[in-house]
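See below for the structure under consideration.
Numbers restart at 1 for each chain; the letters A, B, ... are given by sequence-line order, proteins then strands. No hydrogens, no waters, no symmetry mates; every other heavy atom, side chains included, goes into these values. Quick caveat, the model's predicted, so the values are computed rather than measured.
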Number of protein chains: 2
Amino acid sequence: MSIQTRRERERADRERLIVTAARELAESEGWDAVTTRRLAAEIEYSQPVLYSHFKGKDAIMAAVAVQGCADLAVELRTAREGASGPRAHLAAVGRAYTAFALRRPAVYDAIFTLPVDLPFATPEAPEPLQAAFGELLRAVTPIAEPGDEPGLLTETYWAGLHGLITLMRSGRLPAREHERRLSLLIAHFTAGHG
Amino acid sequence: MSIQTRRERERADRERLIVTAARELAESEGWDAVTTRRLAAEIEYSQPVLYSHFKGKDAIMAAVAVQGCADLAVELRTAREGASGPRAHLAAVGRAYTAFALRRPAVYDAIFTLPVDLPFATPEAPEPLQAAFGELLRAVTPIAEPGDEPGLLTETYWAGLHGLITLMRSGRLPAREHERRLSLLIAHFTAGHG
DNA sequence: ACCTCGATTCTAGCATCGCTAGCCAATCTG
DNA sequence: CAGATTGGCTAGCGATGCTAGAATCGAGGT
């Protein structure tokens with residue numbers, strides 16, 4: 001079995017190598033620079049090996065998204081734990097979310113904007129995605145009013161954050177006022193929860 | 001002058017032909033189907049004529065965006081005029097906005113999601129864009145609380161709508177509950193303006 | 001009526017993209 | 001050591017956005 005396990009281990013190593021190379025290349029030069037040829041050169045293999053690990057370029061991006069989402073979940077959690085009170089929780093998580101999106105735009109896009117077919121709002125969704133949403137849910141639930149479904153309220157708050165990010169990143173909203181818009185969003189979701 | 005003006009008129013006609021062909025093709029088969037070759041075949045000219053009118057494919061999409069934005073502005077206006085009261089105005093405009101996005105996804109993407117370089121939040125922005133934002137502004141301003149800057153509040157509300165649309169359209173939010181999420185967003189922006 | 005010349009449109013091609021077929025070599029088995 | 005099998009690589013396909021240079025059309029003068 002030793003020979004077989006060594007092969008599988010090397011294969012798994014190379015798969016990680018592909019995903020991290022794709023992420024680093026995307027973070028340093030944008031997703032447009034992540035071509036299959038360029039990525040193959042980066043890992044010092046030929047193009048077709050990519051397709052022996054992943055179904056296609058989309059699958060590689062999906063892997064980057066899942067891995068990056070785990071990072072996001074951690075950052076959301078630590079942000080929430082560093083604040084106290086419902087309103088502070090919501091604000092801290094919202095700021096951590098947008099900070100992540102601005103600091104790592106390529107990863108954020110892989111997770112939330114690029115058309116990569118990952119199951120999202122279903123039980124089959126990858127664990128990191130559910131973890132990240134769970135962190136949002138924990139921050140939003142305490143400010144839900146009676147009759148509000150926490151899940152739906154979380155999705156709505158999330159949409160607000162996502163809209164701010166995407167419109168600003170594409171130049172449709174001026175970046176200068178981002179902080180004030182974010183504060184407005186938080187304020188309107190925490191009305192009456194001083 | 002007659003011959004010159006006729007030429008210019010024909011040229012303008014063909015430019016309109018290009019834009020409408022691009023829009024119709026995008027609306028019926030999606031932007032992926034709008035290749036320069038396909039578009040050239042659709043207007044029964046060869047590829048290079050596209051480049052004698054527009055700098056490139058992006059410029060054609062920008063033209064579709066500007067034209068479509070005029071439609072959006074009209075729909076937002078009629079929605080607002082069909083309602084009475086600050087809360088009803090905000091709700092009507094929000095519903096009209098999302099309805100437009102769902103009914104004409106290709107045009108919506110050209111305006112708000114695809115990376116097309118149009119000046120947005122500046123005085124140089126094309127008039128239809130300013131008109132559409134102005135309609136949102138008119139609906140939001142009445143529910144702004146003292147101290148809130150209407151412009152920023154409008155941008156924040158707009159971001160909420162845009163986030164709901166993009167996350168739902170990409171499958172990241174279940175479409176079934178869209179109406180309830182939209183209602184939640186509106187409710188949180190109209191707290192205290194029954 | 002014809003010819004010239006300038007403007008305009010088309011043919012053909014470039015570089016690059018994601019992806020794949022089929023050869024070739026290295027490695028394991030008997 | 002010979003045969004078989006796994007796995008990577010070379011080469012190429014079809015399609016993309018875009019462009020250079022040939023070809024064609026039409027206006028104006030003689």
What protein N or O atoms touch nucleotides 21-24 of chain D N or O atoms at under 3.5 angstrom, if any, and at what distances?
none

Is the closest basic N to carboxylate O distance between Arg103(A) and Glu27(A) below 4.0 Å?
no
Going 5' to 3' through nucleotides 8-15 of chain C, assign each nucleotide B (protein heavy atom under 4.0 Å from a base atom), S (under 4.0 Å only from sugar-phosphate atoms) or - (no protein heavy atom that close).
-SBB-B--
N/O donor to acceptor pairs below 3.5 angstrom from side-chain atoms of residues 129-144 of chain A, sequence neighbours left out:
| from | atom 1 | to | atom 2 | distance (Å) |
| --- | --- | --- | --- | --- |
| Gln130(A) | NE2 | Pro123(A) | O | 3.2 |
| Gln130(A) | NE2 | Ala125(A) | O | 2.8 |
| Glu135(A) | OE1 | Arg80(A) | NE | 3.2 |
| Glu135(A) | OE1 | Arg80(A) | NH2 | 2.9 |
| Glu135(A) | OE2 | Arg77(A) | NH1 | 3.0 |
| Glu135(A) | OE2 | Arg138(A) | NH2 | 3.2 |
| Thr141(A) | OG1 | Leu137(A) | O | 2.6 |

Look at the rings of Phe112(A) and Phe120(A) and say which category their plane angle falls in: under 30° parallel, 30 to 60° tilted, over 60° perpendicular.
tilted
Does Thr36(A) have a side-chain nitrogen or oxygen under 4.0 Å from the phosphate oxygens OP1 or OP2 of dC19(C)?
no
Would you check, one step at a time, whether the test salt bridge (charged side-chain N to carboxylate O under 4.0 Å, His left out) holds for Glu15(B) with Arg11(B)?
CA-CA 6 Å; Glu15(B) 189 155 318; Arg11(B) 220 185 131 69; 5.2 Å; no
Do the side chain of Arg172(B) and the main chain of Ile111(A) share a donor and acceptor less than 3.5 angstrom apart?
yes
Heavy-atom side-chain contact between Arg23(A) and Ser28(A) under 4.5 Å:
no
Measure CD/Glu10(B) against C1'/dG26(D) and give the value in whole Å, please.
12 Å
Rounded to whole Å, CD1 of Ile60(B) lies from P of dC18(D) at a distance of 8 Å
What integer distance in Å separates Leu39(B):CG from dC18(D):C1'?
14 Å
Which whole-number value in Å describes the distance from Tyr51(B) OH to dG17(D) P?
6 Å
NE2 of His53(A) versus C1' of dG18(C): gap in Å, rounded?
18 Å
Arg37(B)-Thr35(B) side chain donor-acceptor pair, cut-off 3.5 Å:
no
What is the distance, rounded to the nearest whole Å, between atom CE of Met61(A) and atom C1' of dG18(C)?
13 Å
Does any N or O in the side chain of Lys55(B) come within less than 3.5 Å of the main-chain N or O of Ile60(B), such that one atom is a donor and the other an acceptor?
no
Checking side-chain polar atoms at under 3.5 Å, does Tyr97(B) have a donor or acceptor matched by the opposite partner on Tyr108(B)?
yes
note: Phe54(A), atom CZ; dC19(C), atom P; distance rounded to Å ~ 13 Å
Atom CD1 of Ile18(B) and atom P of dG17(D) are separated, to the nearest Å, by 14 Å
